[in-house]
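Take a look at the structure below.
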Amino acid sequence: MSQKISGVKGMNDLLPGEIEIWQHVEGTARELFGRFGYGEIRTPMVEDTALFVRSVGEETDIVGKEMYTFLDKGERSLSLRPEGTAPAARAYIEHSISNQEPVTRWFYMGPMFRYERMKTGRYRQFYQIGAEAYGAKEAAQDAEMMDMVVQFLTALDLKDVSLNLNSLGDEACRPAYHTKLVEYLKAHREELCGDCQRRMETNPLRVLDCKNEKCQAVAAAGPNVLEFLCEPCRAHFDDLQRKLTALGIKYVVNPRMVRGLDYYTRTVFEFIASHPALGTASTVGGGGRYDKMMKGLGGPDVPAVGFAMGLDRLVLLLKESGRKYTAAPDLFVAVADKESQDVAFMLASRLRREGLRVDFDTRGGSLKSQMKRSDNSGARFTLVLGEAERTSGQAKLKPMAGGDSIPVSLDSVAETVRRARQAADPAGSA
RNA sequence: GCGGCCAUAGCUCAACUGGUUAGAGCGCAGGACUGUGACUCCUGAGGUUACCGGUUCGAUCCCGGUUGGCCGCCCCA
């Protein structure tokens with residue numbers, strides 16, 4: 001055997017048997033987000049490196065050490081996208097969308113790339129579904145987005161997901177808090193872990209969500225970001241909470257929640273799932289408002305709010321739930337004798353044209369092996385075609401789950417199968 | 001980037017302290033039953049024991065390296 005070639009570390013193949021779950025999640029998102037008026041966009045997987053440096057933030061781990069960055073043959077520095085918000089913003093600016101409509105709502109889904117140590121639910125090529133709403137600074141826009149996520153999780157029947165909420169203020173009030181926090185942390189330097197002593201210089205907000213118990217104690221006793229909010233930010237946050245309550249959405253205000261990207265202002269939120277299968281990978285999605293990013297990227301001064309969910313973790317949860325999403329054939333056409341092979345082949349084709357999901361063994365083989373294959377395929381019925389059927393034009397639909405066979409003429413197979421399917425699964429698609 | 005555990009058939013796992021042709025269950029294929037799957041029984045295919053090197057008369061087992069996987073830290077989705 002020659003040298004075996006394996007896939008790249010942290011990048012996985014998705015095969016039939018599993019892909020159906022992904023399709024289900026993506027299909028649910030498309031339908032639901034469409035209902036909220038969001039249009040799908042697809043941006044390239046590769047962008048100018050500067051886009052992420054300027055939006056995500058030079059000091060973040062993502063840009064600092066996790067990006068797949070390379071020079072193309074024209075010596076341009078390009079990067080595989082590590083997240084979806086910046087590319088969407090770039091597209092929004094590039095196509096002058098703000099000149100065409102006051103409010104724009106987009107969603108996207110696809111692979112993202114980060115060079116990281118692999119863990120449960122965390123891969124180097126991972127998948128996100130995200131949405132962005134541009135042009136509305138009102139808290140109602142934030143609330144609408146969270147409503148959409150909640151409905152999405154509900155549609156997937158995912159329970160035990162909680163919404164954490166915080167406000168980081170804006171350029172009017174954040175600096176004062178920032179100063180106060182650094183002052184406070186410096187006074188308690190000795191009580192912090194080594195990482196946090198470093199963080200207080202580079203990104204003091206991150207000390208707030210350090211997992212270390214001592215650091216948490218220090219952070220808990222320190223200045224509270226919510227008490228520093230200026231009047232407009234305070235009003236915005238209050239309004240958001242009123243709207244969520246009105247929508248019946250449960251949430252927890254966590255003044256120590258911050259996020260890994262620098263561009264957020266005011267609202268930030270996270271959806272956290274508690275499930276043993278996820279281990280420490282409990283965040284399934286998060287987002288927030290980024291009112292200043294567009295201008296920072298050289299675009300118009302439009303406010304925006306967005307979120308992203310990690311599909312890998314959602315799929316992990318759905319796998320745990322044990323639900324099946326595979327679409328089995330309606331009918332397996334089996335052949336009893338060699339002479340019937342071509343007729344059966346044509347019959348299978350005809351039934352597919354009539355809209356049935358039909359499986360057929362092009363190799364022929366013993367009837368027994370075909371029956372086994374039919375059983376394995378999960379087909380609802382098997383139709384055996386042999387000399388008797390060919391001459392009489394009559395056949396039997398054998399229900400693979402057991403029960404009596406249904407006599408049927410070869411001309412009305414599709415209709416009969418459809419009716420049986422309808423009876424068994426009225427909610428199923430046609 | 002740091003620390004710990006692990007790697008045997010497609011999958012889940014065996015193989016006494018280093019000792020003959022590395023086994024089982026599941027799955028797959030064929031048959032018992034020549035036009036009927038599942039249950040039962042029989043048979044078969046499928047392995048360079050992740051890779052490279054070392055110690056040894058002899059290595060799946062011991063040692064080193066590489067690659068890959070898992071767990072914790074970090075960070076995140």
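Letters A, B, ... are given to chains in the order of the sequence lines, protein chains preceding strands, and every chain is numbered from 1.
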Legend entry - Presence of salt bridge, Glu18(A) and Lys319(A), under 4.0 angstrom: yes

Inset, instruction - Give a yes or no on whether Asp404(A) atom CG has more than 12 heavy-atom contacts from other residues, nucleotides or ligands under 6.0 Å away. - result: no

Legend entry - Close side-chain approach of Thr267(A) to Ser167(A), heavy-atom, < 4.5 Å: no

Inset, instruction - To the nearest 0.5 Å, tell me how far Glu132(A) CD sits from Tyr92(A) OH. - result: 11.5 Å

Atom pairs, protein N/O to nucleotides 41-46 of chain B N/O, distance under 3.5 Å:
none

Inset, instruction - Round to the nearest Å and state the distance from Glu116(A) atom CD to G1(B) atom C1'. - result: 12 Å

Inset, instruction - Find which nucleotide of RNA chain B each of Phe126(A) and Tyr115(A) is nearest to by heavy atoms, and output the residue with the more 5' nucleotide. - result: Tyr115(A)

Legend entry - Exceeds 12 heavy-atom contacts within 6.0 angstrom, atom CZ of Phe345(A): no

Legend entry - Selection residues 134-143 of chain A - residue pairs positive for salt bridge (Lys or Arg N to Asp or Glu O under 4.0 Å), sequence neighbours left out: Asp142(A)-Arg289(A)

Legend entry - Backbone of Ile62(A) reached by a side-chain donor or acceptor of Arg114(A) within 3.5 Å: no

Inset, instruction - Please state how far atom CZ in Arg122(A) lies from atom P in G1(B), giving the value in whole angstrom units. - result: 13 Å

Inset, instruction - Name all stems that contain residues of RNA chain B, defined as runs of 3 or more consecutive Watson-Crick or G-U wobble pairs, both distances under 3.5 Å. - result: B:1-7 with B:67-73, B:10-13 with B:23-26, B:28-32 with B:40-44, B:50-54 with B:62-66

Inset, instruction - Determine whether the aromatic ring centres of Tyr177(A) and Phe228(A) lie less than 6.0 Å apart. - result: yes

Inset, instruction - Treat primed atoms plus P, OP1 and OP2 as sugar-phosphate and everything else as base, then score nucleotides 3-9 of chain B 5' to 3': B for base contact with protein heavy atoms under 4.0 Å, S for sugar-phosphate contact only, - for none. - result: B------

Inset, instruction - Starting from C1' on C74(B), measure out to CG on Leu208(A) and report it in whole angstrom. - result: 17 Å

Legend entry - Straight-line distance of Asp61(A) CG to Glu116(A) CD, nearest 0.5 Å: 8.0 Å

Inset, instruction - For the pair Glu339(A) (side chain) and Glu387(A) (backbone), establish whether a donor and an acceptor sit closer than 3.5 Å, ignoring hydrogens and angles. - result: no

Legend entry - B/S/- contact track for nucleotides 30-39 of chain B, protein heavy atom under 4.0 Å: S-B--BBBB-

Inset, instruction - To the nearest 0.5 Å, tell me how far Arg259(A) CZ sits from Thr60(A) OG1. - result: 12.5 Å

Legend entry - Tyr123(A) OH - C70(B) C1' separation (whole Å): 11 Å

Inset, instruction - Pick base, sugar-phosphate or nothing for Glu66(A), based on heavy-atom distances below 4.0 Å to the nucleic acid. - result: sugar-phosphate

Inset, instruction - Residues of residues 7-29 of chain A with any non-hydrogen atom less than 4.0 angstrom from an atom of RNA chain B: list those, numerically ordered, please. - result: Lys9(A), Gly10(A)

Legend entry - Enclosure of Tyr115(A) OH (heavy-atom neighbours >12, cutoff 6.0 Å): no

Legend entry - Touch class at under 4.0 angstrom, heavy-atom based, for Met118(A) against every strand present: sugar-phosphate

Inset, instruction - Name the nucleic acid region contacted by Phe381(A), choosing base, sugar-phosphate or nothing; use a 4.0 angstrom heavy-atom cut-off, strictly under. - result: nothing

Legend entry - Met118(A), CE: over 12 other non-hydrogen atoms inside 6.0 angstrom: yes

Legend entry - Distance in Å, Phe33(A) CZ paired with Tyr38(A) OH, rounded so as to fall on 0.5 Å steps: 8.5 Å

Inset, instruction - Look at Arg373(A) together with Asp375(A) and state whether they make a salt bridge at an N to O cut-off of under 4.0 Å. - result: no

